[in-house]
Structures are given as C-alpha cells and as structure tokens.
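The structure appears below as structure tokens.
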Amino acid sequence: MKIHYLAVGAAVASMLALGAQAAVLPMDAPVSMGAVTAVCTGVGSAKDDPKFAAYPIKLEFSNAGGQFVSNEHVKLMNVTGAVLAEFDCMGPWVLLQLPKGTYSATVTQPDATRGPRTVKFEPPQTGQKRVGIEFPSIAPNQ
C-alpha cells in the first residue's frame, strides 16, 4: 500500500513540475495564448517576411555589442502585474499582437550574469514599436 501512495505521489509531482515549465515557441509560427499572439523569429529569411510587420510590438534581444542573442525566457504581464503569457524563444525577436494597454516583459537569458531585464511598453496606434532588451553582461562576439 505504501508503494502505491509513493507511486501516485511521484506521478502527481512530475505532472506539477511539467506544468510549471514554460512552453517553447516554435520558430516563425504564431502562437495564441489568450488575448496575446506571439511569434519567435528573427533568424534567416523568415525575419523579412512582410506578415510580421503587422505585429505592433517587436522585442529584440541583444548583447553589449548590439549583436542579437537567443534562448530567452519571457514573462509577459499586464499593468496590474498579472501574467498573461510565459514562454521560451530560441530566436532574437519576439513579435506580439495584443490589445491596447500597458504591458511589461521580464526576460531572462541563461548566459547573462546580471539577472533578468524588465521593460514596459504600449502598442503604438499604428506601425510597429521596437523594444530593445540588452544583456550587457553577454560579451560581444569577436
């Protein structure tokens, strides 16, 4: 009987651990998360796809030398701090389609030694707003 309870406990613990992990966005494919649609992109010819200009927010991740970096963990929050979406992106850009309002994103990058970066932004009335997020502790490539 004890073994049965241990097995059930281990199964529940593993499901909870899996639920806590953020989704990894596929490259160049829109993913809807409630009222938010996100695209992880910025690599190769896909970054020039004209359909991506329709996204009002472009988060761009770079190092101290202004070179793009990848492999970010993004937590998107509304003005009250409620988490709207949380995901990982293997590209240097995240494009966001979201309702009008004030938002913040807290971004971590495993190679950065100075911890997460947080930015606040609002979608523009028209066009696309570039929101740069720099990780100065990541050395530029030579």
Side-chain angles (χ1 to χ4, degrees), residues 2 4-142:
K2 265 187 176 177
H4 174 72
Y5 287 123
L6 288 174
V8 169
V12 169
S14 67
M15 285 190 298
L16 290 173
L18 287 175
Q21 293 178 349
V24 177
L25 295 183
M27 290 299 292
D28 309 317
V31 175
S32 294
M33 297 167 269
V36 175
T37 300
V39 180
C40 178
T41 190
V43 177
S45 62
K47 70 181 183 339
D48 300 321
D49 192 323
K51 70 182 175 192
F52 292 148
Y55 288 78
I57 297 294
K58 181 192 325 183
L59 303 178
E60 289 186 3
F61 312 108
S62 64
N63 64 12
Q67 299 161 326
F68 289 140
V69 297
S70 301
N71 192 20
E72 301 82 23
H73 177 79
V74 179
K75 186 181 342 180
L76 180 66
M77 294 154 289
N78 66 14
V79 70
T80 66
V83 176
L84 303 175
E86 192 164 357
F87 51 86
D88 293 335
C89 175
M90 296 300 129
W93 299 351
V94 170
L95 305 173
L96 297 170
Q97 183 79 262
L98 58 178
K100 295 202 180 311
T102 302
Y103 299 91
S104 64
T106 298
V107 183
T108 55
Q109 207 285 342
D111 297 328
T113 58
R114 292 194 192 154
R117 314 301 277 170
T118 300
V119 293
K120 292 186 180 190
F121 55 89
E122 294 180 9
Q125 294 292 332
T126 61
Q128 188 175 72
K129 180 177 191 173
R130 179 190 165 275
V131 180
I133 301 169
E134 184 180 294
F135 294 93
S137 64
I138 300 175
N141 296 330
Q142 302 301 330

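Side chains are part of it too, since the values below use all heavy atoms of this structure and drop only hydrogens, waters and symmetry mates. The chain is numbered in sequence order, starting from 1.
Looking at every heavy atom in both residues, G101 comes nearest to P123 through O-CD, 3.2 Å. When all heavy atoms are compared, the tightest approach of S70 to M90 is CB-O, 3.1 Å. Heavy-atom minimum distance, S62 versus G66: CB-C, 4.0 Å. What you find for Q97 and A54 is that their closest heavy atoms are NE2-O, 3.5 Å.
Put simply, CG on D49 and CG on L95 are 10.0 Å apart, with the number rounded to the nearest 0.5 Å. Atom CD of Q109 sits about 13.5 Å away from atom CZ of R114, to the nearest 0.5 Å. The CG atom of L76 lies 6.5 Å from the CG atom of L98; values are rounded to the nearest 0.5 Å. Remark: E72 CD to R117 CZ distance equals 13.0 Å, nearest 0.5 Å. Taking CZ of F68 as the reference point, atom CZ of F61 lies at 10.5 Å (rounded to 0.5 Å). Separation of atoms NZ (K75) and CZ (F87) is listed at 12.5 Å; rounding is to 0.5 Å.
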Name each donor-acceptor pair under 3.5 Å that joins a side chain in residues 126-134 to protein atoms two or more places apart or in another chain, with its distance.
from, atom 1, to, atom 2, distance (Å)
Q128, NE2, F52, O, 3.0
Q128, NE2, Y55, O, 2.8
R130, NE, E60, OE1, 2.6
R130, NH2, E60, OE1, 3.4

Name the atoms and distances for all side-chain donor-acceptor pairs under 3.5 Å in residues 23-44, with sequence neighbours left out.
from, atom 1, to, atom 2, distance (Å)
D28, OD1, T41, OG1, 2.6
S32, OG, T37, OG1, 3.3

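A heavy-atom distance below 4.5 Å is not found between the side chains of I57 and Y103. For the pair K100/P56, no side-chain contact is recorded, criterion being any heavy-atom separation below 4.5 Å from C-beta on.
A distance-only check finds a donor-acceptor pair linking the side chain of Q67 to the backbone of N141 [under 3.5 Å].
Checking T113, N63, D111, V107 one by one against F135, the side chain to side chain contact (heavy atoms under 4.5 Å, CB included) holds for a single residue, V107.
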